[in-house]
Amino acid sequence: MARDGNRPHPSALARYPVPIELISALFRADDAERDRLLAPMPAYGRARIAAYCADHARLEAVGLKVARSCDEATLVKAAGPALGADLFARSRAGAPAQIQRQAA
């Protein structure tokens, strides 16, 4: 995804860092393990992880799976109006074409 004005600024991400170890664990996890890792996290933390992952092509599928555990208002708060609404819609619409091609 190209960067635009609706994305969180790097300075905002720096204030609320996303631990690379957690991203790595989510990337490797199956659905049950991912749910276990996300369960104790507050909704805003999950939404920030979803936004972070959606901003990195390799992590987009993980971001959409994490976004499924968030409501739209929290995603909008964490990622901005356009990206938050887009994440919410795509996470509930099924896998995007790009992710389906990778799985094939």
Side-chain angles (χ1 to χ4, degrees):
M1 293 181 148
R3 292 191 183 273
D4 62 33
N6 294 319
R7 298 207 179 271
H9 295 286
S11 62
L13 291 175
R15 285 193 310 255
Y16 306 102
V18 177
I20 194 67
E21 297 83 9
L22 176 59
I23 298 299
S24 178
L26 289 169
F27 185 75
R28 292 187 316 264
D30 61 17
D31 289 339
E33 178 68 8
R34 185 176 38 260
D35 290 345
R36 186 189 69 73
L37 291 168
L38 295 173
M41 297 182 73
Y44 186 71
R46 293 190 314 268
R48 285 194 27 76
I49 289 170
Y52 175 86
C53 290
D55 198 33
H56 296 81
R58 184 173 177 203
L59 300 172
E60 186 175 17
V62 173
L64 292 175
K65 289 175 184 177
V66 173
R68 286 185 196 124
S69 73
C70 304
D71 62 39
E72 186 172 10
T74 306
L75 287 167
V76 166
K77 180 180 176 184
L83 180 60
D86 180 60
L87 274 172
F88 181 80
R90 289 190 305 131
S91 70
R92 273 113 176 124
Q98 177 183 0
I99 294 170
Q100 289 174 351
R101 277 187 265 121
Q102 291 175 353

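Here the closest heavy-atom approach between residue S91 and residue A67 is recorded as CB-CB, 3.7 Å. Taking all atoms of both residues into account, the shortest heavy-atom contact from A79 to G84 is CB-N, 3.9 Å. A47 and C70 make their closest contact through N-SG, 3.6 Å (heavy atoms, listed as atom of the first residue, atom of the second, distance).
Both L75 and L83 belong to a single network of hydrophobic side chains, linked directly or stepwise wherever heavy atoms of I, L, V, M, F, W or Y lie under 4.5 Å apart. Linking Ile, Leu, Val, Met, Phe, Trp and Tyr whenever their side-chain heavy atoms come within less than 4.5 Å puts I49 and V62 in one cluster.
A 4.5 Å side-chain heavy-atom check between V76 and F88 finds every atom pair outside the cut-off.
Applying the side-chain contact (heavy atoms from CB on, under 4.5 Å) rule to E33 yields the partners A29, D30, R36, L37; only residues at least two apart in sequence or on another chain are considered. Applying the side-chain contact (heavy atoms from CB on, under 4.5 Å) rule to A43 yields the partners R46, T74; only residues at least two apart in sequence or on another chain are considered.
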For residues 20-28, which side-chain N or O atoms pair as donor and acceptor with protein atoms under 3.5 Å away, sequence neighbours left out?
residue : atom : partner : partner atom : Å
S24     : OG   : R28     : NH1          : 2.4

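The line from CZ of R68 to CZ of R34 is 7.5 Å long, rounded to the nearest 0.5 Å.
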